[in-house]
Asker: 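Can you read through this structure? Questions will come right after.
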Amino acid sequence: MKCDSCGRENTFLYFVGKSNVCNKCIARQTVFKEVRHSEDSLLRKAMRAFGIKSFGQLKDITPKQAEDLEQGKIKDRKGETFRHKSNRGSAVKVDSGEYIEDQEELDLG
């Protein structure tokens, strides 16, 4: 895949909003210099905390904001990142007055 910022082919790209960006461009154009050689946990935390929607918004993060995020002064947004859907009712229909055991329900389903 190609980096949208520099246009180089790279096998591992970060998906930032609608852009695919390589670690070299992130290290060069943002305050997250550690992404180039080590881990990206601070970058991922910033993307959650600030609600980053594009690479331009990522560039706008100041060193002070990144430092506050690292020290824990800025918290992640409270909200679910994914939701589980649970089936609370039975998938097998039983007429009123009849009884079905749990094991029979598993055998039928």
Side-chain angles (χ1 to χ4, degrees):
M1 294 178 65
K2 285 190 176 186
C3 174
D4 292 339
S5 182
C6 64
R8 294 182 193 152
E9 282 288 328
N10 200 338
T11 55
F12 180 74
L13 297 174
Y14 289 95
F15 186 66
V16 181
K18 294 183 179 180
S19 305
N20 293 320
V21 186
C22 66
N23 59 353
K24 292 179 183 178
C25 290
I26 290 174
R28 195 173 344 145
Q29 298 175 16
T30 66
V31 296
F32 303 103
K33 307 298 182 199
E34 72 277 354
V35 171
R36 185 166 184 161
H37 298 292
S38 64
E39 65 183 49
D40 59 350
S41 61
L42 186 61
L43 172 67
R44 292 179 189 270
K45 188 175 180 181
M47 290 179 70
R48 286 190 311 267
F50 296 121
I52 303 297
K53 302 287 185 207
S54 68
F55 188 55
Q57 288 180 341
L58 188 65
K59 290 179 188 179
D60 293 339
I61 295 177
T62 63
K64 173 71 171 138
Q65 288 174 323
E67 183 180 325
D68 289 345
L69 184 68
E70 190 173 8
Q71 292 175 353
K73 294 179 182 176
I74 299 174
K75 303 290 183 192
D76 288 350
R77 290 184 177 196
K78 292 185 180 183
E80 297 179 7
T81 55
F82 61 91
R83 295 181 182 166
H84 294 285
K85 183 177 179 181
S86 60
N87 186 7
R88 297 187 190 272
S90 175
V92 178
K93 300 290 183 192
V94 178
D95 293 333
S96 63
E98 292 185 11
Y99 176 77
I100 189 167
E101 293 182 19
D102 291 336
Q103 185 62 38
E104 288 180 27
E105 182 179 352
L106 292 174
D107 292 341
L108 293 176

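All values derive from a computational prediction rather than experimental measurement.
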Asker: For a 4.5 angstrom cut-off between non-hydrogen side-chain atoms, does Phe55 reach Thr30?
Answerer: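 Phe55 reaches Thr30 side chain to side chain.
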Asker: So which atom in Gln57 and which in Gly51 form the shortest heavy-atom distance, rounded to 0.1 Å?
Answerer: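 Closest pair (atom of Gln57, atom of Gly51, distance): OE1-O, 3.8 Å.
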Asker: Please report the interatomic distance CE(Met47) to CZ(Arg44), rounded to the nearest 0.5 Å.
Answerer: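 That separation rounds to 8.0 Å.
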Asker: Just list the side-chain donor-acceptor pairs under 3.5 Å for residues 10-20, sequence neighbours left out, or say none.
Answerer:
residue : atom : partner : partner atom : Å
Asn10   : OD1  : Phe12   : N            : 3.3
Tyr14   : OH   : Asp40   : OD2          : 3.3

Asker: If you draw a 6.0 Å radius around NZ in Lys24, do more than 12 non-hydrogen atoms from other residues or ligands fall strictly inside?
Answerer: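 Incorrect, the count does not exceed 12.
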Asker: Might you confirm whether atom CZ of Arg28 has over 12 heavy atoms from other residues, nucleotides or ligands at distances under 6.0 Å?
Answerer: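 Atom CZ in Arg28 is crowded, with more than 12 foreign heavy atoms closer than 6.0 Å.
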Asker: Find out whether Asp68 and Gln65 are in side-chain contact, i.e. whether some heavy atom of one side chain is under 4.5 Å from a heavy atom of the other.
Answerer: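 No, their side chains stay 4.5 Å or more apart.
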Asker: Between atom NZ of Lys59 and atom CD1 of Ile52, what is the distance when rounded to the nearest 0.5 Å?
Answerer: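 Interatomic distance, Lys59 NZ to Ile52 CD1, rounded to 0.5 Å: 12.5 Å.
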Asker: Might you point out which heavy atoms bring Ala49 and Leu69 nearest each other, and give the distance in Å?
Answerer: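 Minimum heavy-atom contact is CB-CD1, 3.8 Å.
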Asker: Taking atom CG of Asn23 and atom NE2 of His37, what is their separation to the nearest 0.5 Å?
Answerer: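 Reported value, rounded in 0.5 Å steps: 8.5 Å.
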Asker: In Å, rounded to the nearest 0.5 Å, how long is the span from CD1 of Ile74 to CD of Glu67?
Answerer: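 Result: 10.5 Å between the selected atoms.
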Asker: Looking at every non-hydrogen atom in both residues, tell me the closest pair between Ile61 and Val31 and how far apart they are.
Answerer: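 Of all heavy-atom pairs spanning Ile61 and Val31, the closest is O-CG1, 3.6 Å.
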Asker: How close do Cys3 and Cys22 get, heavy atom to heavy atom, and via which atoms?
Answerer: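 Looking at all heavy atoms of both residues, the closest pair is SG-N, 3.4 Å.
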Asker: Taking NZ in Lys2 as the centre, count heavy atoms belonging to other residues, nucleotides or ligands within less than 6.0 Å. Is the count above 12?
Answerer: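 Open: at most 12 neighbouring heavy atoms sit under 6.0 Å from NZ of Lys2.
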